[in-house]
Amino acid sequence: MEWKTENNKLKKTFKFNDFTEAFGFMTRVALIAEKMDHHPTWTNTWNTVSFELSTHDAGNIVTDRDRKLADAIDKIVS
Ligand SMILES: C[C@H](O)[C@H](O)[C@H]1CNC2=NC(N)=NC(=O)C2=N1
């Protein structure tokens, strides 16, 4: 599945085998987001993690910072 742009947000959902795998993924994303100083809006329900990326400093629109974070997130699961 690819990222989709909807309502000025870059969106994608990831499904894992269980919560432990999902949370491990979230931990890695958190460290990358902190390093990039660019943080996701995300939800987690058991094995599912959903993202909505936008840049608050630019007025909550999608910018290259979001696309860069999205690419980094995809690399974690590739
Ligand atoms: C001061 C400002 O919040 C920071 O520069 C960073 C933190 N993380 C961020 N994350 C996102 N998604 N958008 C931002 O504009 C942003 N700004």
Side-chain angles (χ1 to χ4, degrees):
M1 184 183 140
E2 282 317 304
W3 292 84
K4 65 179 183 209
T5 303
E6 202 175 66
N7 301 329
N8 280 318
K9 296 180 181 84
L10 211 43
K11 299 184 179 182
K12 187 170 182 177
T13 296
F14 294 80
K15 273 194 190 307
F16 297 91
N17 292 321
D18 53 33
F19 175 73
T20 302
E21 280 196 17
F23 197 78
F25 165 74
M26 291 175 76
T27 303
R28 293 181 66 184
V29 172
L31 296 174
I32 290 167
E34 189 58 15
K35 198 161 162 224
M36 293 170 76
D37 189 28
H38 198 70
H39 304 81
T41 296
W42 46 357
T43 54
N44 160 244
T45 304
W46 192 58
N47 69 335
T48 303
V49 183
S50 294
F51 292 90
E52 293 189 349
L53 307 181
S54 67
T55 303
H56 313 313
D57 294 347
N60 296 311
I61 56 166
V62 176
T63 68
D64 277 351
R65 293 176 73 184
D66 301 299
R67 285 183 273 274
K68 195 161 162 270
L69 178 57
D71 289 346
I73 290 168
D74 281 341
K75 280 194 183 60
I76 295 171
V77 293
S78 63

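Counting starts at 1 for both ligands and their atoms, following the listed order.
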Checklist outcome for this item: re atom 14 (C) of ligand 1, the protein heavy-atom contact at minimum distance is His56 N, 3.5 Å
Checklist entry - Any idea which protein heavy atom is nearest atom 10 (N) of ligand 1, and the distance to it? => result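 Its nearest protein heavy-atom neighbour is His39 N, 3.0 Å.
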Item to check | Nearest-option assignment for atom 16 (C) of ligand 1, heavy atoms, candidates Asp57, Leu69, Asn60 | outcome: Asp57
Item to check | Residue Thr55 vicinity, atoms of ligand 1 by number, heavy atom under 4.0 Å | outcome: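 Answer, ordered by atom number: 13 (N), 15 (O).
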If only atom types and distance count, is the side chain of [X] paired as donor or acceptor with the main-chain N or O of [Y] below 3.5 Å?
{"X": "Asn44", "Y": "Thr48", "value": "yes"}
{"X": "Arg65", "Y": "Asp37", "value": "yes"}
{"X": "Asp18", "Y": "Thr20", "value": "yes"}

Item to check | ligand 1 versus Asp37: contacting region, heavy-atom distance under 4.0 Å | outcome: both
Next on the checklist: Under 4.0 Å, heavy-atom basis, I'd like to know which part of Ser54 is in contact with ligand 1: side chain, backbone, both or neither.
Outcome noted: backbone
Next on the checklist: Please determine whether a side-chain nitrogen of the Lys or Arg among Arg67 and Asp64 lies less than 4.0 Å from a carboxylate oxygen of the Asp or Glu.
Outcome noted: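 A salt bridge links Arg67 with Asp64.
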Next on the checklist: If you compare all heavy atoms of Ile61 against all heavy atoms of Asp66, which two are closest, and at what distance to 0.1 Å?
Outcome noted: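 Looking at all heavy atoms of both residues, the shortest contact is O-OD2, 3.5 Å.
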